[in-house]
Amino acid sequence: MKDGKIELLLIEDNTDDIDLLQRSLGRSVSVQFTVKSVQSMRDALEFLALNKPDIILSDLGLPDSHGLDTVTKLMCEAPNIPLVVLSGFDDEVTAIKAVQSGAQDYLVKGHLESGQIERSLFYAIERARLQTELEAHAQEISQIQSNLLKILDKNADAIIIVAGKDRIILFTNPAAEALFGRQKKGLINKIFEFPLDGGKTTEIEINPPSREKTIAEMSVVEISWEGQPAYLASLRDITRRKKMEEDLRVSEEKFSKAFRHSPESFVISGIDDGIIVEANDTFMRNSGFGKEIIGKKSIETGVWAKPEERAEVIKILKEKGMVSNQERRLRLKNGEIGISLFSAEIITINDTQYMLSMTTDITERKKMEEALRQSEEKYRTLFESAAEGILIVDIETKKCKYANPAFCTMLGYSQEELIKMSVSDIHPKTSLEHVLAEFATQVRGEKVLSSTIPCLKKDGTVIYADINAAQAIIGGIKCNVGFFTDVTNRKKAEEALRFSDAAFRSIHESIIATDTRYVITHWNEISEKIYGIKAAEAIGKKLTDIIEIEENLPGENDRRFERLETDGYCRQEQLHRTKYGEVWVDVSMQSIEENGQRYGWVILASAITQRKLAEEALKRSEEKYRELIDTSSDGIISTDSQMRFVVWSRGAQKMLGYTEKEMLGQSIMNIVAEPAQKAIARELIRCKQHEPGKAVSQIFETQGLRKDCSPVPMEVSLSSRKSEDKYFITAVMRDITIRKEAEEKLRKIDRMKSEFLSNVSHELRTPLQSISGFTKLIMNGQVPDPATQQEFFQIIDRETQHLGSLINGLLDLSRLESGRFQINRKPTALRDTMIDTIKSFQTLARDKNITLNEEIPDELPEMEVDDERMRQVFFNLVSNAIKYSDAGGSITVRAKELPGELLFQVSDHGIGMSPEAMTHLFERFFRAEENTARSGTGLGLYITKQIIDAHEGRIWVESKVNQGSTFSFTLPYHGKGGNGHGKKNIDHRRRPSDIKAR
Amino acid sequence: MAKKILIIEDDPAISRLVDYTLRHEGYEIITASNGVEGINKAHKEGPDVIILDVMLPGIDGFEVCHRLRSEPDTASVLILMFSAKAQEVDKNTGLKVGADDYLPKPTAPAEIVRRVSVLLARQNSADKAGEKVRG
């Protein structure tokens, strides 16, 4: 409705009808209508989709909807808008159906009176409204009914309606079913057994099938049910409640008993007024009160030491709701004030709050605690202030539990640090095994004292402690209580002492200490040994009383001690005599002084008797050997392993020119000539490698070097020896210069001999060649010419002679060598001999164009000489002269009378000879010129000399190179029969001892 | 053409002997009495054979032989060493220094002659073969 106007939707397709209706509606007085008209269902629906008119007036027959369809559609589309249908004639059936279908009314066209339409509409609207209201009410009622049913259904209480007259159950709710254990149909119309008293509440016992006995509380009211008197019973299952009540009762009984008989004092009192409501037996017993206190104020009882205390407690109680274990002072039975542990709670009894307090007397306990505390304090003080370190360790975990300040200081840790540490942390790792073992023995109770246990300080240094242990149970834990005493210093001292003790003992010298008056205070083991006097005997006695010091000079001892007193020190070798014997000692005496004060003497003596004796022996032996090596003419030297001289004998000095002083310490190479150094070095090494002592037969020749740098040939024999781990090489050197020279000479002679032999062979063969050759030629007729033949024969003859004299010469040599050379003296006219010789060389001389001259006095005296040999001599000299003269030269043979002798000379002007040659001229095999056929065999002059010597003459030569030579010899006059050959004969002498002069 | 033979020998008697013997065989003979003279004459005369004594004044025969062999124009001349030094070692030395043969003293003249002709014959055939054999 808008503005009091009713909005109407008109659905009519007939325009005339539309007009009619509109006019009709417009004439309405009571109600005003706003009309919207549409002509089809479709339009109507469209309109209805957007609008909500108050009423719809619709023709049944529309272009797009007929009859009931129209109604249906509209009802569908706008179910809440009242609908009035218009129908044509005789369509009432449809109209009625329409109303049945939901339309409010129907109108027949053509039968419409004025005002009918409005009325109808109006009523329709009204009806619609009423309908709606009715529906709402119905819904409400339905809802209420549903609610009521819900209440009934859901109600925990069982609701049963029982008819008043016959007690038949009229109504049950589900709870009733549950309670009775039966279904609705099992209950309805059954008789309700239990007595019903309206307005009363009773308890009934139900025995439902398949369940336990149930107790229910039933309240009954009288009601009217469907016009009949009935009872409404509501039942409640109070089984559980009953049980609870029972439990409670039991519990309460229990509680009551507990309360009563509890060893704790219980009091229930009013919180504010303090009136005791209940008190248990214990309280009464403890406080000495009886039941009379019930109803009294607790304060009045005097239980509280001070009323204020109660007030305090109450305050706390109110604040916190409870009081827990407060210590309060309460009066005891005996009137004394004691300490009790007070606890309280608020309880509610019958809606009133009370305080339930519990008190426990702890007076005794408190006393004990105090005592304990004091004792603990005592111990704590002890613990804290002890000088010893105390460490308490949990035996099981080995963790430190307590450490006193002294211990903390000892190791440098703080308490907090120590509590975190364990036994292993406070000992050095290296000794941990030992420490833990000690710990274990202590814990087992086997040991109380562990000595000198190393402990590790915080800074890493180690100290030593004696640990006294006791076991205790502290706080329920088994602990080891260790009392640590720092013995580091003691240990150090012990060690020092041990060291010095060991040192004292291990010194292999006699150590004697005396005071300033020379009274013996210390006497060590070695002293006992050396002097044969025990310490006990020596200590306390004056030094000089038991030891006599030998004097080399009178008063020496006085001087010794005087010097000692002055210097404070003396070192000597002395001979000490005791009653047990005498001993050589190497003695040091030293004064013991400190800060300028002398306290005594310390004497160190080592026995050197053995040494002394050995020294002496060695010295003597050394002298002996020294003499030996010095007297030897051979050089005896010895070097150390560095090849430096340690021994240089007199002989070595003689041989090489260096003195001992110069040579000792010098290298052996100084006396080895350079060319020989390598070889010597090799020999020395080889010598070293040989096992010392074993005869190293190394004898070899080498060249030594004198001080004047001249070389000296030496024969050396080397040997090595070992002494005190040192090597020494000894060499014996022999000067073999002479031998070498002799060897050389022999070698030379040997050479000359082989040359000679070779020569001889040649010399012998050469003439043979001529002799045999020419002979053969002639024999074979190859020399027809007689003159040539003659020439050849002469050659043969000459060569033969030459050969002969060669052979003779060899024979002579042989004789000379073997000493069979003899001369036969005969008076001889030497002039003839000389002339003969000259003559024999004429031819040769002529051939060589050499002049032979003679200067021989006519009256040359006769001499007793071996003519044959002299002939040989002249032959040799002249032959040589010719040999060594060149063509054109001249040779002169002279003889001269001299006193006692004759002088003979053969001079030539030939090639002469060197002074060198002159010195060897008369030696065997000497040839002035090597390799020349000219020089002959080298025998001639040698034999000549032998002959002259045998005649006791002298032979010599004067010569200048290229000027010529003059050979001269003398022959002394000889007594008759001079065949002695100059040999000495001493057979004439008397034999010394045999024949005595008579 | 007659073969030329040089005799280097210091002993006059032996020199005479060999000279006479070989001259008798038709050889042309030159003599020298020492090594130096001998070498000079060897170079100058160009002999076919040299009879060389060992024991010479100055340089000995071995040295002479060695020198002769060192010189190209005397390197191939036939050298017959003739010496009283007749040990094995001497012979070896001689052959070592290049002598073609070695005769000890004393040797019969006939033998000397034979040795010379053997040498010459050998040389001849060697010549023919175009080769010279050196000892």
Side-chain angles (χ1 to χ4, degrees), chain A residues 754-785 787-803 806 843-844 847-848 883-884 886-887 911 927-937, chain B residues 7-27 32-38 51-64 80-91 93-94 102-115:
Chain A
S754 16
E755 246 182 76
F756 169 74
L757 278 170
S758 164
N759 234 40
V760 162
S761 157
H762 181 270
E763 291 296 308
L764 291 172
R765 286 173 200 267
T766 305
L768 274 175
Q769 173 68 58
S770 300
I771 295 166
S772 93
F774 284 121
T775 307
K776 280 209 160 67
L777 279 177
I778 295 171
M779 267 169 43
N780 292 339
Q782 285 169 281
V783 192
D785 177 39
T788 320
Q789 266 189 31
Q790 197 59 25
E791 183 204 340
F792 286 175
F793 280 128
Q794 278 178 355
I795 295 172
I796 292 167
D797 187 40
R798 204 168 56 234
E799 294 296 305
T800 309
Q801 276 183 7
H802 179 60
L803 192 59
L806 262 174
T843 322
L844 187 60
D847 282 344
K848 281 190 103 180
K883 220 185 271 182
Y884 290 102
D886 292 319
I911 62 173
R927 299 154 97 227
E929 263 168 88
E930 307 250 339
N931 289 333
T932 57
R934 229 200 318 219
S935 66
T937 57
Chain B
I7 305 172
I8 309 177
E9 168 66 63
D10 68 322
D11 186 289
I14 297 175
S15 182
R16 180 80 176 100
L17 177 65
V18 178
D19 178 323
Y20 185 89
T21 306
L22 291 172
R23 215 185 286 268
H24 187 72
E25 294 299 314
Y27 295 107
S33 58
N34 63 60
V36 174
E37 190 191 342
I51 296 179
L52 178 55
D53 181 25
V54 172
M55 297 291 277
L56 293 168
I59 56 172
D60 71 11
F62 294 124
E63 181 63 29
V64 170
L80 174 58
M81 293 200 94
F82 185 41
S83 181
K85 279 197 146 188
Q87 308 272 21
E88 197 61 41
V89 60
D90 302 309
K91 195 166 176 197
T93 314
Y102 198 100
L103 270 180
K105 288 180 188 160
T107 303
E111 184 58 31
I112 299 169
V113 167
R114 194 183 71 80
R115 290 291 188 101

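It should be emphasised that the depicted structure is a prediction, and the values quoted were computed from it without experimental measurement. Throughout, protein chains are lettered first and strands after them, A, B, ... in sequence-line order, and every chain is numbered starting at 1.
Note: Leu17(B) leads Asp53(B), Val54(B), Leu17(B) in heavy-atom pairs under 4.5 Å with chain A. When the candidates Ile796(A), Leu768(A), Leu777(A) are compared by the number of heavy-atom contacts under 4.5 Å with chain B, Leu777(A) comes out ahead.
Annotation: Phe792(A) is in aromatic contact with Tyr20(B) [ring centroid separation under 6.0 Å].
Of all heavy-atom pairs between Pro109(B) and Gly773(A), the closest is CG-O, 3.4 Å. Of all heavy-atom pairs spanning Pro104(B) and Gln769(A), the tightest one is O-OE1, 4.4 Å. Residues Arg765(A) and Ala84(B) approach most closely at CD-O, 3.2 Å, considering heavy atoms.
Put simply, NZ on Lys105(B) and OG on Ser770(A) are 8.0 Å apart, with the number rounded to the nearest 0.5 Å. Note that CZ of Phe774(A) is 7.5 Å distant from OG1 of Thr21(B), once rounded to the nearest 0.5 Å. Taking CD of Glu799(A) as the start and CD1 of Ile14(B) as the end, the distance is 7.0 Å to the nearest 0.5 Å.
Side-chain contact between Arg16(B) and Ile795(A) is present, with heavy atoms from C-beta onward closer than 4.5 Å.
For chain A, no part of Glu9(B) is nearby; none of its heavy atoms comes within less than 4.5 Å. Heavy atoms of Thr775(A) lying under 4.5 Å from chain B are absent altogether. The contact between Gln782(A) and chain B is made by backbone and side chain atoms together, counting heavy-atom distances below 4.5 Å.
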